[in-house]
Every structure is written in structure tokens, then in C-alpha cells.
Amino acid sequence: MNPSDLSSKALLDLNEVRIDPAWAMRVPSTLALRRQVIAFSFVDEHVCIAHAKPLDSACMGALQKHLKKPLRLFQAEPDSLRETLKRIYSNQASTQVRSTTEEGETAVALCDELLNAAMMQQASDLHLDPGPNETLIRLRVDGVLHDYRPLPAAAHAGMISRFKVLANMDIAERRAPQDGRFRFETGDNRIIDIRVASLPTRHGERMTLRFLASQTESLTLERLGMEASDLERFNESILRPHGMILITGPTGSGKSTTLYAGLRRLISQGSYNVITIEDPIEYEMERVGQVEVDSSDKVSFSKALRSVLRHDPDIVMIGEIRDHETADVAIKSALTGHLVMSTVHTNSAASAITRLADMQIDRFLIAATIRMAVAQRLVRKLCRHCRKPRPLTEAEAIALGHPDAAGSEVFDAGGCHFCANHGYVGRLGLFEMLVIDQELSRMISSGADEATLTEAATERGMRRLTEDGLQKLLEGKTSVKEVLAGVSSW
């Protein structure tokens with residue numbers, strides 16, 4: 001049987017599919033919209049095609065001409081297909097994938113293509129990395145970099161200039177790093193804030209675009225991956241009228257996202273005066289005063305915090321506590337009736353206490369203000385359609401700190417048309433929540449070290465990062481590889 005005649009039996013809901021832009025954008029928008037078809041993935045050496053109506057030989061021939069691979073057909077649910085086509089092609093009616101600039105690629109068309117590709121993949125970052133002969137385009141999806149496609153070196157300068165114009169950067173300055181930002185409207189009418197940074201390198205300016213969603217309706221605590229018991233502890237801590245909540249973890253572990261979700265929960269349950277100090281503002285929130293730290297140091301965290309306290313806030317969120325001055329003002333704010341939420345860079349929940357002590361904050365002040373310290377990591381979620389079961393090996397169980405779990409059923413990543421053949425879709429958090437009660441507060445004041453605090457908290461029901469990871473493994477939510485990578489620095 002010809003592979004192009006293969007078709008799935010059930011209607012495919014494209015809302016559950018992660019579209020691969022490298023294939024979707026090879027089909028001209030005019031063809032895709034007129035014939036209601038979309039190339040959405042590449043699996044088992046076949047390009048997956050979603051369609052609503054039967055495709056005639058002329059349409060099949062046109063698709064083969066542009067894709068140059070065997071096709072596998074999937075009949076799609078009509079409404080989801082229309083919505084997907086609108087989302088993908090509304091912003092780029094004439095943008096097409098070509099191999100050389102001589103075929104008509106303009107800087108505007110290329111930049112539009114890259115932005116749409118990033119939106120399709122739900123990427124957090126877009127990288128333009130120049131080399132001697134070509135520019136490598138990469139997308140960071142679920143924390144992992146994926147190659148999108150190389151472009152001719154001749155196209156690089158035009159793309160850099162186009163993004164600089166959009167971000168209000170100086171297009172004539174090519175020897176100094178620059179920063180800027182702009183907004184982009186997606187095909188489904190979402191507004192995305194994009195932060196742009198350029199850096200001079202040997203072969204030209206390297207550029208990174210960071211995508212910051214400006215709409216936060218889906219940013220809730222329930223979607224972060226907290227287990228029910230952890231969610232209850234977190235809710236109880238943030239609802240206390242004053243004190244400090246600290247989220248810890250390495251860069252890119254989702255600390256800011258957890259803070260925003262906590263703020264949304266508070267705002268939904270009461271009337272509060274909320275002010276944030278951020279670098280940069282990652283999400284725009286209604287009913288929240290958001291202050292952005294100035295890179296020239298005219299508005300630093302500590303300066304902004306001192307000013308913010310004159311505006312009668314109930315809740316203050318500080319993007320990060322980096323130095324003694326910021327920590328000192330934050331601690332005093334928590335002592336004087338404010339709820340302060342912030343982040344610090346440490347590996348475990350208990351080490352947040354040590355970090356504040358290292359910033360020359362008296363331990364009795366730390367003990368009096370800290371209500372909760374949360375360590376977190378992000379791991380990729382397995383695609384539920386193609387995950388593959390197997391027993392947990394003895395070596396893996398030992399590495400996770402639970403030898404008795406050997407033989408338990410866990411899952412590895414597969415690859416299918418739902419997940420763009422990656423095996424993973426989205427991310428979730430691993431959490432370690434240290435709730436400071438009177439006994440732990442007394443121990444902090446008396447100078448207890450991290451190991452002693454962690455042991456005491458574990459006896460009170462705190463789950464370690466490895467334990468939360470093991471739980472999510474056994475539930476089939478993620479893989480051993482992801483959990484071990486996530487907790488390796490713990």
C-alpha cells in the first residue's frame with residue numbers, strides 16, 4: 001500500500017497536537033487555506049498531513065512537490081483544523097520557506113516566519129547564531145534547544161536589523177551589546193511580549209529573543225504540578241497576613257511563574273494592594289502595580305523597594321534577592337506587616353536560610369520572618385499518547401534514593417504525531433516545601449545547619465525533591481532521565 005494512502009480512523013483533534021513549524025511552513029499558506037490542509041509533524045519518515053475533506057490527486061501532487069517526502073493522512077476534526085489554520089497562517093499570508101535569499105526571502109518575511117515558528121512550538125527563546133557560512137536558528141522548547149533550520153549568512157544582517165527596528169534598538173551600533181523589546185500578536189489574538197538582546201561575535205551579531213506571555217489567565221497553582229498536600233501547604237502560607245515566602249532554584253526552574261501563580265490566587269481571594277519589583281516584567285497582571293528595574297541602576301531592587309513601602313502595599317513581590325541591602329529591606333518589610341514574596345538562587349529549600357545568613361542577615365530576623373521556603377525544578381511531561389512502560393532498574397532506584405522502588409513501572413519517552421516526535425509535551429514542577437513552624441524557627445535562631453533543618457522538616461511531612469520526582473515517575477508524568485537531570489544539583 002502506498003504510504004500516502006494511509007489515514008487514521010478517528011478524527012484528530014489538532015488542539016491536542018504540537019505543530020512542527022519546520023514542516024507546516026513548507027506548505028504555501030494559499031494552498032493550506034484553500035484546501036484546508038496542514039503538514040504538522042514528521043514521524044517514521046512520513047510527513048503527517050491533517051485534512052478535513054478527502055484530498056484529490058491534484059492536492060496530493062502539490063503537497064508532494066513542496067514536502068518531497070512520503071505523506072501520511074489524518075482526518076482532522078473540522079473546527080480544530082480551522083482554528084489551527086487561522087492561528088498559523090493569519091500572520092504570514094505570504095511567508096514561505098525557501099532555501100536561498102535569491103528566491104525572494106526578505107528580512108521581514110524571514111522574521112515573521114521565525115516568530116510564527118516559535119509560537120507554533122510554544123518556544124520560550126529564539127536564537128539567531130551566526131557562523132562563517134550560515135546562521136543557525138534554534139528554538140528552546142520545554143527547556144531544550146532544538147535546531148529549526150540554517151539560513152544563508154547573507155540573510156543574517158537583514159534579520160538582525162529587522163528585529164532591532166521592532167525592538168527600538170540602534171541598527172547602526174554593531175559592536176556593543178544592546179537590549180530592547182516589542183510586542184507580537186499571534187493568530188489567535190494573544191499578545192506576546194518579546195525581549196531582545198544582541199551580542200557582537202566573531203561572525204556577526206548574535207541575537208536572542210525571549211517570549212514573555214502578557215496574558216496570565218492560565219497561570220494557576222493547579223497547573224504547576226503541585227501535589228495536593230503541597231498545594232495545601234503553599235496556599236496556607238501565602239494566605240498568612242505577613243512574613244516572607246521564598247522560592248529557590250537555579251535559573252530557568254520556574255520560580256517567577258510560581259510567584260505569579262501565587263499572586264493570582266491571592267488577588268482572586270481578596271482585595272489587596274499588590275506591588276512587584278521585577279527584572280524584567282515577565283507577565284502583565286491586572287490590579288497589580290509592576291515596577292521594572294533599570295539596567296542603569298537608577299531603579300535598583302533596593303531603591304525601588306524602599307519607595308514601594310511608602311505606597312501602603314499589602315503584598316510585595318521582589319523578582320530576586322541578590323544582596324544585603326535588598327535582603328535587609330525585604331526582611332524589615334516582612335516584620336512590619338507586609339507579605340513579601342521573592343526568589344533566591346539556592347539548591348534546596350533549607351539552603352535559602354543559609355543564603356540569607358550569608359548576606360549578613362541576623363538569624364533571629366530570618367527566623368521571625370520566613371514562613372515558607374520552596375525549592376523547585378522543572379521537568380518535561382511525557383506525551384501520554386506514546387510513552388513506553390518499563391520497570392525501574394535497581395541502579396536508577398538507588399540514584400533516586402529509594403532502592404525499594406526498583407521494579408516499579410515507569411515510562412520512557414516515545415515519539416508520535418501528537419508531540420512532534422519529541423516524546424514530551426509541556427513541563428511540570430518538582431517541589432520541596434519547607435514550612436517554618438515554631439520549632440523550626442527556634443532551630444534557625446540557634447544556628448541549625450541545612451542538614452539538621454531538612455531532617456526536622458522531613459519528620460514533619462516535608463517531601464524532598466527526589467520524593468516528589470519519584471511520585472511523578474510512578475504516576476507516568478515524566479521520565480527517569482528528566483527527574484535525575486532535574487535533581488542532579490540538589
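Taking a 6.0 Å sphere around CD1 of Ile171, one finds it holds 12 or fewer heavy atoms contributed by other residues, nucleotides or ligands. Taking a 6.0 Å sphere around CD of Glu409, one finds it holds more than 12 heavy atoms contributed by other residues, nucleotides or ligands. Atom CD of Gln471 has more than 12 heavy atoms from other residues, nucleotides or ligands within 6.0 Å. At most 12 heavy atoms of other shown residues, nucleotides or ligands fall within 6.0 angstrom of atom CD in Gln438.
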Checking side-chain contact (heavy atoms from CB on, under 4.5 Å) for the pair Arg87/Leu14: CA distance, chi angles, key distance, verdict?
-> CA-CA 12 Å; Arg87 183 175 73 248; Leu14 286 174; over 6 Å; no

Going through the checks in order, is the side-chain contact (heavy atoms from CB on, under 4.5 Å) test met by Val329 and Lys332?
-> CA-CA 5 Å; Val329 179; Lys332 291 175 180 176; 5.8 Å; no

For Leu400 and Leu473, what are the C-alpha separation, side-chain angles and deciding distance, and is it a side-chain contact (heavy atoms from CB on, under 4.5 Å)?
-> CA-CA 11 Å; Leu400 291 167; Leu473 273 180; 3.6 Å; yes

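Under 3.5 Å, the side chains of Glu396 and Thr393 contain a donor-acceptor pair of N or O atoms.
The shortest heavy-atom contact between Leu474 and Ser408 is CD2-CB, 3.6 Å. Smallest separation of non-hydrogen atoms from Ala375 and Ala349: CB-N, 3.4 Å. For the pair Leu430 and Lys472, the tightest heavy-atom approach, listed with the atom from each and the gap, is CD2-CD, 3.5 Å.
Proximity of a side-chain donor or acceptor of Ser342 to a complementary backbone N or O of Ile318 within less than 3.5 Å is detected. Although no hydrogens or angles enter the test, the distance criterion places a donor-acceptor pair under 3.5 Å between the side chain of Lys255 and the main chain of Pro250. Using a distance-only test at 3.5 Å, with no hydrogens or angles considered, a donor-acceptor pair links the side chain of His338 to the main chain of Ser333. Between the side chain of Asn273 and the backbone N or O of Asp314 there is no donor-acceptor pair closer than 3.5 Å. Side chain of Arg265 to backbone of Ala261: no donor-acceptor contact under 3.5 angstrom is found. Side-chain atoms of Ser161 do not come within 3.5 Å of backbone N or O of Gly158 as any donor-acceptor pair. Here the side chain of Asp179 pairs no donor or acceptor atom with the backbone of Ala197 at under 3.5 angstrom. Listed for the Lys164 side chain is a donor-acceptor partner under 3.5 Å among the backbone atoms of Glu173.
Taking a cutoff of 4.0 Å between a charged side-chain nitrogen and a carboxylate oxygen, Asp468 and Arg463 qualify as a salt bridge. A salt bridge between Glu482 and Arg427 is absent, with no side-chain N of the basic residue lying under 4.0 Å from a carboxylate O of the acidic one. Using a cutoff of 4.0 Å between basic side-chain nitrogens and carboxylate oxygens, Glu450 and Arg355 are not scored as salt-bridged. Using a 4.0 Å cut-off between charged side-chain N and carboxylate O, Glu439 and Arg442 make a salt bridge.
Each of Thr208, Leu151, Leu136, Leu209 was compared with Leu128 under the side-chain contact (heavy atoms from CB on, under 4.5 Å) criterion, and only Leu209 meets it. The one candidate from Arg390, Lys481, Lys388, Arg387 that meets the salt bridge (charged side-chain N to carboxylate O under 4.0 Å, His left out) condition with Asp412 is Arg390.
By the 4.5 Å heavy-atom criterion applied to side chains, Leu382 and Ser479 are counted as neighbours.
With ring centers used as reference points, His156 lies 6.0 Å or more from His203.
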